[in-house]
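A note on names: the letters A, B, ... follow the listed sequences, proteins ahead of strands, and every chain is numbered from 1.
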Protein chains: 4
Amino acid sequence: MTGPQNTPDPSRRNEQSRAAILTAAAELVAELGIGKLTIEKIAARAGVGKQTIYRWWPSKGAVVFDAFLAASEDPSGSLALPDTGDLGEDLRTVLRLTALELADPAFDRTGRALTAEVLTDPALLRDYRERLLDPLLTVTRERLRTAREAGQLRADADLDLAVELLYGPLYYRWLHGLGPLDPGYADQVVAAVLGALGPARD
Amino acid sequence: MTGPQNTPDPSRRNEQSRAAILTAAAELVAELGIGKLTIEKIAARAGVGKQTIYRWWPSKGAVVFDAFLAASEDPSGSLALPDTGDLGEDLRTVLRLTALELADPAFDRTGRALTAEVLTDPALLRDYRERLLDPLLTVTRERLRTAREAGQLRADADLDLAVELLYGPLYYRWLHGLGPLDPGYADQVVAAVLGALGPARD
Amino acid sequence: MTGPQNTPDPSRRNEQSRAAILTAAAELVAELGIGKLTIEKIAARAGVGKQTIYRWWPSKGAVVFDAFLAASEDPSGSLALPDTGDLGEDLRTVLRLTALELADPAFDRTGRALTAEVLTDPALLRDYRERLLDPLLTVTRERLRTAREAGQLRADADLDLAVELLYGPLYYRWLHGLGPLDPGYADQVVAAVLGALGPARD
Amino acid sequence: MTGPQNTPDPSRRNEQSRAAILTAAAELVAELGIGKLTIEKIAARAGVGKQTIYRWWPSKGAVVFDAFLAASEDPSGSLALPDTGDLGEDLRTVLRLTALELADPAFDRTGRALTAEVLTDPALLRDYRERLLDPLLTVTRERLRTAREAGQLRADADLDLAVELLYGPLYYRWLHGLGPLDPGYADQVVAAVLGALGPARD
DNA sequence: AGTTAACCGAGACGGTACGTCACGTCTTTTT
DNA sequence: AAAAAGACGTGACGTACCGTCTCGGTTAACT
């Protein structure tokens with residue numbers, strides 16, 4: 001699923017095997033971390049031949065990534081930010097949730113492993129962008145655009161910059177373990193961004 | 001060097017071997033990336049026994065990290081931000097340099113590999129914090145503190161937040177390949193931070 | 001063909017596939033030897049599904065053996081030794097031809113591979129005996145019997161022994177690479193057998 | 001041990017591992033035959049890494065052959081034929097023993113497997129010749145030479161031929177399962193050879 | 001003529017073994 | 001005592017084939 005590189009005819013694919021592999025991968029990455037995870041262990045746990053994994057995925061990282069996606073991808077297909085009319089409130093809601101997820105110890109190991117994998121493998125990064133990151137950034141940007149049109153942001157506010165100012169610091173703090181990722185921090189970041197890009201105050 | 005845990009008597013250490021190992025590691029990580037790098041290849045290239053590496057370093061990542069440090073650590077021992085009196089100018093200088101380094105394709109592979117390693121190995125992260133990141137954040141914070149005392153930032157500006165607002169977006173953009181890391185972007189970030197935390201405009 | 005054990009209805013068999021398989025097997029065994037030969041390669045070269053091979057043959061050796069037979073089996077169905085009336089001359093003719101074939105480098109690899117297969121697989125050995133070896137030994141024995149009745153061999157000559165004295169040494173020399181398999185050697189063997197079992201000389 | 005091709009420094013070899021490997025190979029070939037025997041099973045049974053096998057032997061056949069040799073090679077270093085002065089008696093002794101060994105069902109499987117391996121692998125055949133077959137043929141030839149000098153064989157008897165006339169038929173009968181390998185058969189062969197190459201009877 | 005059953009090509013599947021690589025430990029010899 | 005060298009047990013790699021199993025598609029033979 002990760003890449004449409006040169007996989008065989010997908011219509012002949014065994015759906016049970018695919019699901020068993022993703023389940024096994026998800027369990028094992030939580031148990032062992034990605035470093036100790038091996039294709040052989042995934043195959044064994046899934047009750048599947050190794051070749052069945054190699055046939056459909058190009059790398060260990062791709063399997064794990066798919067397993068992660070299978071669990072987290074919004075099945076409804078649509079990702080949406082709240083829009084109460086109050087930009088600050090909406091952004092606080094989103095960033096608080098983001099902070100909460102990053103702060104979850106259960107997420108930490110998997111998240112770091114996946115991040116490391118994604119940063120290091122250009123193909124995975126592309127996939128990650130397309131399937132998770134870009135959609136998130138886009139809906140955020142759209143929420144900001146609505147706000148800008150409503151005069152809640154400066155008319156010349158750069159929305160790409162705004163988005164990175166929102167998520168970048170959280171991510172930075174999380175990866176480097178610089179401090180607590182609590183709702184207060186999320187609020188601080190939102191306040192700073194609004195202070196920087198909100199309507200002129202004089 | 002990375003882990004001062006329970007290494008043997010360092011006074012008997014062979015300095016030539018140490019240097020050869022770090023040089024070989026640096027070369028190999030540039031040639032192969034960290035994934036294809038192995039202790040055996042480092043030993044072979046350095047003309048050194050494997051045990052000599054295992055004796056002094058706890059992991060492959062630690063060797064690479066040391067090799068990276070040996071090349072980049074400020075030998076003068078002191079890291080400093082410029083202080084021209086104009087905070088904006090000084091921050092632009094620093095962030096432009098940071099952006100320049102991140103944008104350097106030669107740095108990209110090594111930087112990503114190292115980042116992945118560091119994020120994934122708590123011991124390495126600690127080391128990275130102590131020897132590279134914290135000093136950088138500290139000098140930045142100190143420059144901001146000076147500025148705050150000079151009235152160039154709000155009196156209630158949170159300096160930890162400020163630092164993360166500065167570096168976070170660059171890092172975020174770099175890791176995810178979201179856009180160009182050019183001087184203009186650095187300037188935008190600085191402007192936003194000053195807009196958010198600068199003295200009240202009314 | 002090899003095993004009439006429990007194969008499906010032979011009337012529905014696709015003759016083109018059968019021929020393509022035997023041809024492919026013969027080519028591949030010459031190119032690769034029997035060790036590197038695989039059912040999958042035969043199927044691929046013959047443009048045939050693997051199941052079509054498994055349906056009709058019990059083992060790789062059986063396919064190869066059939067391929068060999070298809071090429072060498074006397075299609076006239078009758079194998080005969082010359083009978084000029086002079087036993088020595090007739091035996092020399094046969095053994096010289098046998099030596100010639102064994103000495104042919106093109107035969108060497110295939111012959112050895114097939115021999116190894118046959119010696120090792122009792123079912124194949126049975127087949128080999130029935131379809132190739134026994135007929136040969138029988139006609140040889142019959143020629144000797146005629147000669148014995150004509151007084152050219154001792155009346156008490158053991159014909160089974162005689163046959164093995166004729167073929168055994170050639171085979172032994174060939175398999176072990178003990179010396180040249182030339183007409184002279186064939187003649188020597190014949191002379192020895194006639195010396196041993198010919199009519200008493202006193 | 002089989003081939004001095006490009007193995008590492010033998011002085012550093014672990015003798016315990018070597019012995020364990022040969023023992024395991026011998027046991028397994030008797031239990032499973034050579035076809036079902038695998039390097040992995042040998043390694044597992046011997047409690048040894050696969051690499052330790054690959055380091056010292058070039059092929060599965062070579063290991064098995066070494067195992068066979070280790071068990072059967074005359075440790076005294078000298079192989080000898082009896083010499084009672086009566087050639088017929090001495091040859092009967094040897095051929096009867098040979099027939100006995102070949103007829104032993106316990107030897108049959110291993111012997112056939114080994115023979116197949118040896119016939120098929122030129123390097124193994126060379127080894128087999130040098131270490132087992134040639135010494136046997138040589139001592140036999142020497143016994144015949146002594147007899148020829150004593151006038152028990154024709155002066156012009158070809159000793160290479162004689163040797164092949166002795167062993168060839170036994171081997172032929174054994175490999176093809178043509179008949180019983182009993183002392184009587186051995187005696188018949190000896191009688192024939194003496195009849196052919198013994199002193200002229202008129 | 002329509003149905004049915006077998007063969008056929010293709011190739012995915014759960015497995016086993018391959019031969020290689022690197023791990024981290026160890027032993028031997030040299031410096 | 002540290003170091004170069006490298007054999008060792010371990011275990012994972014990614015590949016090759018095994019023999020079995022669907023899956024459509026043809027191709028007889030039998031209603």
Sorted by position of nearest nucleotide on DNA chain F, 5' first, the leading residue of D:G47 and C:K41 is D:G47
If you assign each of A:Y54 and B:G49 to its closest nucleotide in DNA chain F, which residue comes earlier from the 5' end?
B:G49
Rounding to an integer number of Å, can you tell me how far [X] [atom1] sits from [N] [atom2]?
| X | N | atom1 | atom2 | result |
| --- | --- | --- | --- | --- |
| C:W57 | F:dG19 | CH2 | P | 15 Å |
| B:I53 | F:dA4 | CD1 | P | 9 Å |
| A:I21 | E:dA12 | CD1 | C1' | 12 Å |
| D:Q16 | F:dC8 | CD | C1' | 12 Å |
| A:E15 | E:dC13 | CD | P | 11 Å |
| B:W56 | F:dA1 | CH2 | P | 13 Å |
| D:D9 | F:dA7 | CG | P | 7 Å |
| B:R13 | E:dT31 | CZ | P | 22 Å |

Selection from F:dG14, F:dG19, F:dA7 that lies nearest to any side-chain heavy atom of C:E40
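In terms of side-chain proximity for C:E40, the closest of F:dG14, F:dG19, F:dA7 is F:dG19.
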Which of E:dA22, F:dT20, F:dA12 is nearest the side chain of B:T38? It is E:dA22
Determine the sole option in C:K36, C:R109, C:R45, C:K41 for which the side chain to side chain donor-acceptor pair (under 3.5 Å) test with C:E31 is passed.
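Answer to the side chain to side chain donor-acceptor pair (under 3.5 Å) test with C:E31 among C:K36, C:R109, C:R45, C:K41: C:R45.
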Classify the side chain of D:Q51 versus the base of E:dC21 as yes if they form a donor-acceptor pair under 3.5 Å and no if they do not.
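Looking at the base of E:dC21, it does pair with a donor or acceptor on the side chain of D:Q51 (distance under 3.5 Å).
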Can you tell me whether the side chain of B:K50 and the base of E:dG24 have a donor-acceptor pair closer than 3.5 Å?
yes
What nucleic acid atoms does B:S17 come within less than 4.0 Å of, heavy atoms only: base, sugar-phosphate, or nothing?
sugar-phosphate
With side chains defined as the heavy atoms from C-beta onward, is the minimum distance between C:T120 and C:L125 less than 4.5 Å?
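No; the side chains remain at least 4.5 Å from each other.
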Check the phosphate of F:dA2 against B:R55, side-chain N and O only, distance under 4.0 Å to OP1 or OP2. Yes or no?
no
Quick one: CG on D:D9 to OG1 on D:T7, what's the gap to the nearest 0.5 Å?
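Between atom CG of D:D9 and atom OG1 of D:T7 there are 9.5 Å.
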In Å and rounded to the nearest 0.5 Å, what is the CD to CD1 distance from B:E117 to B:I34?
4.0 Å
By nearest-nucleotide position on DNA chain E, the 5'-leaning member of D:R12 and A:T52 is A:T52
Quick one: on DNA chain E, does C:V48 or B:I39 contact a more 5' nucleotide (nearest heavy atom)?
C:V48
Can you check salt bridge (Lys or Arg N to Asp or Glu O under 4.0 Å) on D:R112 and C:D121, steps first, answer last?
CA-CA 10 Å; D:R112 284 174 182 275; C:D121 177 340; over 6 Å; no
